[in-house]
Protein chains: 2
Amino acid sequence: MISMKELAQHCGVSVATVSKALNDQSDIGESTKIRVKQAAEKLGYFPNAAARSLKTNRSYNIGVLFVDEANSGLTHEYFAAVLEGFKVEAEKQGYDITFINGQIGKKKVSYYEHCKYRNVDGVVIACVKFDNPEVVELLNGDIPVVTIDHINENCSSVLSDNVKGIESLMEYVYEKGHRKIAYIHGQASTTVTKARLTSFYRFLESRELSVPDDYVLEADYLDVSQAMACTSELLDRKDPPTCILYPDDTALIGGLNEIRRRNLRVPDDISIAGYDGSRLSQILNPRLTTIRQATSAIGMQAAKKLISTIDKPKTTFTEQIIVEGELITGESVGNANIS
Amino acid sequence: MISMKELAQHCGVSVATVSKALNDQSDIGESTKIRVKQAAEKLGYFPNAAARSLKTNRSYNIGVLFVDEANSGLTHEYFAAVLEGFKVEAEKQGYDITFINGQIGKKKVSYYEHCKYRNVDGVVIACVKFDNPEVVELLNGDIPVVTIDHINENCSSVLSDNVKGIESLMEYVYEKGHRKIAYIHGQASTTVTKARLTSFYRFLESRELSVPDDYVLEADYLDVSQAMACTSELLDRKDPPTCILYPDDTALIGGLNEIRRRNLRVPDDISIAGYDGSRLSQILNPRLTTIRQATSAIGMQAAKKLISTIDKPKTTFTEQIIVEGELITGESVGNANIS
DNA sequence: ACATTTTTCGAAAACGATTAAGAAAGATAT
DNA sequence: ATATCTTTCTTAATCGTTTTCGAAAAATGT
């Protein structure tokens, strides 16, 4: 509210001196520095973000690009949790968060232009179609970027450890005696699904196992009815699986409903496992066996990496950061009666 | 990227003229206006937000204050959905969204100071403890504010119609023949709970009904185990209710688990109803009877109201906007065998 | 044709900060 | 004592806009 000029007058020095004092610059006397700082404290001075941003080209503002194709946006449980983790860490480091979109006033612009318009210091991208030309423009632009759950050459990314996730899930299921394991996976086009699927097959390979081709089905993430249909298909087989893995905890509900419709019990008649470790998974009965993704850790790592590349571009590596999840052994996977 | 100065040079006019042309000011010739506009289009000019904000004290930026006490933040399903609705409408009107927090750089400041620092044009407040001194400071400050699900004298607010919500839920349950209706409600201290509870009692009154005092219990919103305990208490009575209303769909799961633990069936043995109309409620089996709160409408109304008070403070009323929800008749409330 | 009004444009100040360059004062060296 | 170097501060330019005010040009009136 009080400007630097007023603060300077109050202290009987020039604005330049005030600026230097507040920013701990070198060419300033120790005594005046503390005098100015105390006055600033007393008068409740704080800088004007716009003026500073205009002059320094640093906004201490980070753009968030979250454009779910299903328009679920912030209601996407997983990404909302990641964003929350990101937000907490960024704010701790003095950065604010602004959503990036495709408009300036009433005019349509690209995401990149919007970033330039707001002069964000960096951008975190998640939950978008990465082949969108506007996203590509942003990835190849001159603004520091970190992506989440997607690998890109030009920038760092933070990834949930889907390989280890599926591996430990399979390990657990295998130890419970299951051999006839079906996997309903999400959209095959995504980085996430590719990792999980490869891990699935690699595990089978390592145990010299194999499953029928049509034990492996595709159903969109979070889509209950598709998961239900796939489950039905699996249960209709003459050799149905003893355990089914789902794309995520929500989609799993579709399977669970179908299972219950057939008067089968979980886990006595059939075992199921989800992915995500959502809130839902732990309040259901039976509690789900699932992989809890470390959402806040993912968000935090992304923020740390992004801010690091902003603050110290010369000494920050471009890298992929893998964040491990955690197996939650609920009650939805039982012992397989090995017959 | 290209500045006004360059654009002016390119057009052979002064920056003042460019500014006037782009902002559709009066003292500018029609022909030069379109010439400038076309050049701006061609060269991909867009304004610098910081410079504009500095000069005009308008940032076209709206602050969002979302400080859940449980630190669930963005993972709060209801408020995340409201925020998403808010975001969509605000962006449509050319405003961006920034989160408000308690820091500038590494220094702790109040929410109000943070708003001033970022020069936001307005603030939407939701999901906070409204008796927090910092929130009060913001409410009484000179920045336009809209609150969500909380009434305050100084500003407009948008409220979910909890009165009508409970009323239509009760109406439905009553028509199904239920008379022994228990209500597990959320924290009694909140505006939301007060409205619902009053509506509950008023409905009973209107039908000249009454229920035992301890049919009405308190359990925190979203708290599964508390809801479970309350449910257990209710079912242990010698005259248990035939229908139980829960604080929300999530808490209801606690009740559902307890009910199933006792080998009771929903809705045959007991009826239950939730609140929120969450995603969860419609994928469960049986589908829940619940009140869907019109989250995106609430967010949209809040954005419209806030932007209106920003743009036209003189002609915008301070008012409470009530947004109706919608009864979702699932399958969790059955006919009561009136004995 | 001259005065007056209206329209259209530009010069310059301002918003609140940062920063390069220079000036004044004090300290050190010769 | 003079020259040189440091330290500490100020002046002034700058970032990219908007906006006031005055000037020039065009339109209007008489």
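Labels below follow one simple rule: chain letters A, B, ... track the order of the sequence lines, proteins then strands, and each chain is numbered from 1.
- A donor-acceptor contact shorter than 3.5 Å links the side chain of A/Ser59 to the backbone of A/Asn119.
- Under a cut-off of 6.0 angstrom, the local environment of NZ in B/Lys108 is crowded, with over 12 non-hydrogen atoms contributed by other residues, nucleotides or ligands.
- Contact record, A/Ile148 with A/Ala302: CD1-CB, 4.0 Å, taken as the closest heavy-atom pair.
- For DNA chain C, the contact window with chain A, defined by any atom under 4.0 Å from a protein heavy atom, covers C/dG16 to C/dA21 in 5' to 3' order.
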Letter per nucleotide, 5' to 3', of nucleotides 6-19 of chain D [B base touched, S only sugar-phosphate touched, - untouched; heavy atoms, 4.0 Å]: --BBBB--BBBBBB
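- At a threshold of 4.0 Å, the pair B/Glu113-B/Lys116 does not count as salt-bridged, since none of the basic side-chain nitrogens sits closer than that to a carboxylate oxygen.
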Would you mind writing out the side-chain donor-acceptor pairs for residues 94-105 of chain B within the sub-3.5 Å range, not counting sequence neighbours?
residue: B/Tyr95; atom: OH; partner: B/Arg58; partner atom: NH1; Å: 3.3
residue: B/Tyr95; atom: OH; partner: B/Arg58; partner atom: NH2; Å: 3.2
residue: B/Tyr95; atom: OH; partner: B/Asp311; partner atom: OD1; Å: 2.9
residue: B/Asp96; atom: OD1; partner: A/Asn101; partner atom: ND2; Å: 3.1
residue: B/Asp96; atom: OD1; partner: A/His114; partner atom: NE2; Å: 3.2
residue: B/Asp96; atom: OD2; partner: A/His114; partner atom: NE2; Å: 2.9
residue: B/Asp96; atom: OD2; partner: A/Arg118; partner atom: NE; Å: 2.7
residue: B/Asp96; atom: OD2; partner: A/Arg118; partner atom: NH2; Å: 3.4
residue: B/Thr98; atom: OG1; partner: A/Thr98; partner atom: OG1; Å: 2.8
residue: B/Thr98; atom: OG1; partner: B/Asn61; partner atom: OD1; Å: 2.9
residue: B/Thr98; atom: OG1; partner: B/Asn61; partner atom: ND2; Å: 3.2
residue: B/Asn101; atom: OD1; partner: B/Gln103; partner atom: N; Å: 3.0
residue: B/Asn101; atom: ND2; partner: A/Glu91; partner atom: OE2; Å: 3.1
residue: B/Asn101; atom: ND2; partner: A/Asp96; partner atom: OD1; Å: 3.1
residue: B/Gln103; atom: NE2; partner: A/Glu91; partner atom: O; Å: 3.2
residue: B/Gln103; atom: NE2; partner: B/Gly105; partner atom: O; Å: 2.9

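- Atom NZ of A/Lys33 sits in a crowded spot, with more than 12 heavy atoms from other residues, nucleotides or ligands closer than 6.0 Å.
- By the ring pair (Phe, Tyr, Trp, His ring centres under 6.0 Å) test, B/Phe46 pairs with no residue at all, sequence neighbours left out.
- Computed from C1' positions of five pairs at each end, the angle between the two local axes of the helix from C/dA1-D/dT30 to C/dT30-D/dA1 equals 50°, rounded to 10 degrees.
- Residue A/Lys5 places its NZ atom among 12 or fewer non-hydrogen atoms of other residues, nucleotides or ligands, all under 6.0 Å distant.
- The one candidate from B/Ile125, B/Val145, B/Thr147, B/Thr191 that meets the side-chain contact (heavy atoms from CB on, under 4.5 Å) condition with B/Ser157 is B/Thr147.
- Taking B/Glu77 as the reference, nothing meets the side-chain hydrogen bond (donor to acceptor under 3.5 Å, both in side chains) condition, with sequence neighbours excluded.
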